[in-house]
Amino acid sequence: MHVLFTDLCDHIMALTDLPAGAPAGFMDREMRSGDGWPEKLSENLATCRVFVPLFSPRYFTSESCGREWFAFNERILRARATGSGSVPAIVPALWTHIDYAQLPDSVRHIHVDHAPFGDRYAANGIYGLIKLNRLHDEYEETVLGLAQRIVRVAHESPLPSSRPRPYESTPSAFKPRGEGPRRIHLTVAAPTRHTIPEHRDARPYGEDAQDWNPYHSESTRPLPSLAEELIRSLDYRITVSSFDDETTGEDLVTDDSEKAAPSHPGILLIDRWSLTDEERKRRLRAFDSTARPWVSAIVPWNRADIQCHGEEGRKLAGDLERTLPSILDRGRRADCRIAVNGVPTLKAFTDVLPAVVAHATRQYLKHAEAHPPAGPTIRRPRLMGPVHPPLPEGGSDNGGEEE
């Protein structure tokens, strides 16, 4: 890999006006010696303009690679949320051949087009081109083409820098080896612009609850859409619905004889202003009274929204405590206090969401009833103790030796 990194840097220096001696890039493996490498890695992930993952089967089983992917992809999602459009700043390269059908769900949105580099590259990856002397020319052509693509993406889609994300607390974008598909459901409890009180600022609201954008001064996108993408980037399959739909609220958490138990963890994304509707408040109270341990809540509460402060804001905060006492208490006991006390900024929301997802998943694995596949029950074999072969007639059990 060091050979590839060096060659890429040489090409990028030749293709750009970077001053002599300036670093053209960084490679994480060079940094993992000495103190302070997590901080240096986080800083580079927060400032680099293009991310080049080297795809291989081993890459997607590496927790450190998963953390790096999540940290960089989070920058892309925030850039989109602030109106920068789609930023294709991830440029994957094949280190070895991979089966694209086996890619994690969290990376399937990345466009992978290796056709320009030829069949041998697709079959062998850059590793194979390096190792086979007869393919040296193809290696040189492939690396030059990759460098040209990196330079083009950096110029055409400049990605804003961000504040470094602490590496040790960054989740992985890849599920642990051996786990099957992970699923989660997001329910949005928020009013629409047609159901808010007349004096309420309508800017955070749209035609549907899923249009809710409490951080409208920071983001151009509805918060449920951003949350969906962030959760998907954690290698989850996610479904999203509105609490006001006919059955969504009850289906997620009720435990009565008429409804089936939920088959995956859930997150309630709730606007305190949704409590101004008495019927919705009643349903939310029922939602809380039967909530399973694997249902968590997040309460976005924009500190820049003047109407969220003052007497009415305090009243709504109290109403929420009385409406969802069980869910909020579980969130506080799970060290997700900011999630249920009120998430004040978009940055705070994207920071806390992975922790809430992880907690809901742990609770589901701990408490949910297992449903084995249909079929006959196979009893486990039991060891009954040592078994001796039958003794010969007139023999002894001391190995044949005479006493």
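Owing to the predicted nature of the structure, the values given are computational and were not obtained by experimental measurement.
Using cut-offs of 30° and 60° on the angle between ring planes, the pair His185 and His264 is tilted. Relative orientation of the Trp301 and Trp273 rings is parallel, given thresholds of 30° and 60° on the angle between their planes. Under the 30°/60° scheme for interplanar angles, the aromatic rings of Phe117 and Tyr121 are found to stand perpendicular.
For residues 297-308, every residue pair satisfying the salt bridge (charged side-chain N to carboxylate O under 4.0 Å, His left out) rule, not counting sequence neighbours, is listed here: Arg200-Asp305. Listed by first and then second residue, the side chain to side chain donor-acceptor pair (under 3.5 Å) pairs involving residues 226-235 are Arg80-Glu229, Arg221-Glu229, Glu228-Arg232 (not counting sequence neighbours).
Defined by atom type and a distance below 3.5 Å, a donor-acceptor pair is present between the side-chain atoms of Arg332 and Asn341. A donor and an acceptor atom, one from each side chain of His11 and Gln148, are nowhere located under 3.5 Å apart. No hydrogens or angles considered: a donor-acceptor pair under 3.5 Å links the side chains of Asp208 and Ser242.
Residue Lys315 places its NZ atom among 12 or fewer non-hydrogen atoms of other residues, nucleotides or ligands, all under 6.0 Å distant. Sparse packing is recorded around CD of Glu141, with 12 or fewer heavy atoms of other residues, nucleotides or ligands lying under 6.0 Å away. Within 6.0 Å of the OH atom in Tyr127, the count of heavy atoms belonging to other residues, nucleotides or ligands does not exceed 12. Enclosure of atom CG in Asp99 by more than 12 non-hydrogen atoms of other residues, nucleotides or ligands within 6.0 angstrom is indicated. Glu311 CD: 12 or fewer foreign heavy atoms inside a 6.0 Å radius.
Arg108 contributes a side-chain N or O that, together with a main-chain N or O of Leu103, makes up a donor-acceptor pair within less than 3.5 Å. Under a 3.5 Å cut-off, the side chain of Asn302 and the backbone N or O of Pro214 do form a donor-acceptor pair. Thr170 places a side-chain N or O within donor-acceptor distance of the main-chain N or O of Pro166, the cut-off being under 3.5 Å. Of the possible donor and acceptor atoms, none in the side chain of Arg75 sits under 3.5 Å from a partner among the backbone N and O of Arg163. At least one donor-acceptor pair under 3.5 Å links the side chain of Arg49 to the backbone N or O of Ala154. Looking at His359, its side chain never comes within 3.5 Å of a backbone N or O of Ser296 through a donor-acceptor pair. For the pair Ser106 (side chain) and Ala173 (backbone), a donor-acceptor distance under 3.5 Å is present. Ser62 places no side-chain N or O within 3.5 Å of a backbone atom of Arg58 that could act as its donor or acceptor partner. Side chain of Asn124 to main chain of Arg120: a donor-acceptor pair is present (N/O by atom type, distance under 3.5 Å, no hydrogens or angles). The main-chain N or O of Ile12 is found under 3.5 Å from a side-chain atom of Thr16 such that the two form a donor-acceptor pair.
In this structure, Val343 and Tyr215 approach most closely via the heavy-atom pair O-OH, 2.7 Å. Of all the heavy atoms in Ala227 and Leu186, the pair that sits closest is CB-CD2, 4.0 Å. Considering every non-hydrogen atom in both Leu284 and Leu324, the closest pair reads O-CD2, 3.4 Å. Closest heavy-atom contact between Val188 and Ala209: CG1-O, 3.6 Å. Here the closest heavy-atom approach between residue Leu159 and residue Ala79 is recorded as CD1-CB, 3.9 Å. The two atoms that bring Gln307 and Asp201 nearest to each other are OE1-N, 2.8 Å, heavy atoms only.
Note that Arg182 lies in the cation-pi zone of Tyr236, set by a 6.0 Å cut-off to the ring centre and a 45° limit from the axis.
A heavy-atom distance below 4.5 Å is found between the side chains of Pro344 and Ile338. Residues Trp69 and Pro53 form a side-chain contact, since some pair of their non-hydrogen atoms from C-beta on lies under 4.5 Å apart. Inter-residue side-chain proximity for Leu268 and Ile298 is flagged as unmet; no heavy-atom pair is nearer than 4.5 Å. A heavy-atom distance below 4.5 Å is not found between the side chains of Thr220 and Thr82. Contact of the Trp212 side chain with the Tyr205 side chain is registered, since non-hydrogen atoms from C-beta on lie closer than 4.5 Å. Val3 places none of its side-chain heavy atoms less than 4.5 Å from the side chain of Thr6. Contact of the Leu320 side chain with the Val299 side chain is registered, since non-hydrogen atoms from C-beta on lie closer than 4.5 Å. Within the 4.5 Å cutoff, the side chain of Phe174 has no heavy atoms near those of the Phe70 side chain.
For the salt bridge (charged side-chain N to carboxylate O under 4.0 Å, His left out) criterion with Asp319, the lone passing option out of Arg282, Arg285, Lys281 is Lys281.
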If you apply the rule side chain to side chain contact (heavy atoms under 4.5 Å, CB included), what do you find for Leu8 with Ile150, and how did you get there? CA-CA 9 Å; Leu8 274 176; Ile150 292 169; 4.2 Å; yes

List the steps and the verdict of side chain to side chain contact (heavy atoms under 4.5 Å, CB included) for Val52 and Met27. CA-CA 10 Å; Val52 184; Met27 184 170 67; over 6 Å; no

Could you go through the side chain to side chain contact (heavy atoms under 4.5 Å, CB included) check for Trp95 and Ile130 one step at a time? CA-CA 10 Å; Trp95 180 244; Ile130 291 175; 4.1 Å; yes

What do the steps show when you test Glu138 against Leu135 for side chain to side chain contact (heavy atoms under 4.5 Å, CB included), and what is the final call? CA-CA 5 Å; Glu138 289 194 35; Leu135 300 180; 3.9 Å; yes

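At a threshold of 4.0 Å, the pair Glu168-Arg67 counts as salt-bridged, since one of the basic side-chain nitrogens sits closer than that to a carboxylate oxygen. Using a 4.0 Å cut-off between charged side-chain N and carboxylate O, Glu74 and Arg78 make a salt bridge.
Note: Ser64 OG to Leu41 CG = 8.5 Å, rounded to the nearest 0.5 Å. With values rounded to the nearest 0.5 angstrom, His136 atom NE2 is found 11.0 Å from Leu129 atom CG. A distance of 4.5 Å separates OH in Tyr167 from CH2 in Trp37, rounded to the nearest 0.5 Å. Distance check, rounded to the nearest 0.5 Å: CG of Asn73 to CD1 of Ile90 gives 5.0 Å. Asp271 CG to Arg280 CZ: the interatomic distance, rounded to the nearest 0.5 Å, is 9.0 Å. Between atom NZ of residue Lys366 and atom CZ of residue Arg362 there is a gap of 10.0 Å, rounded to the nearest 0.5 Å.
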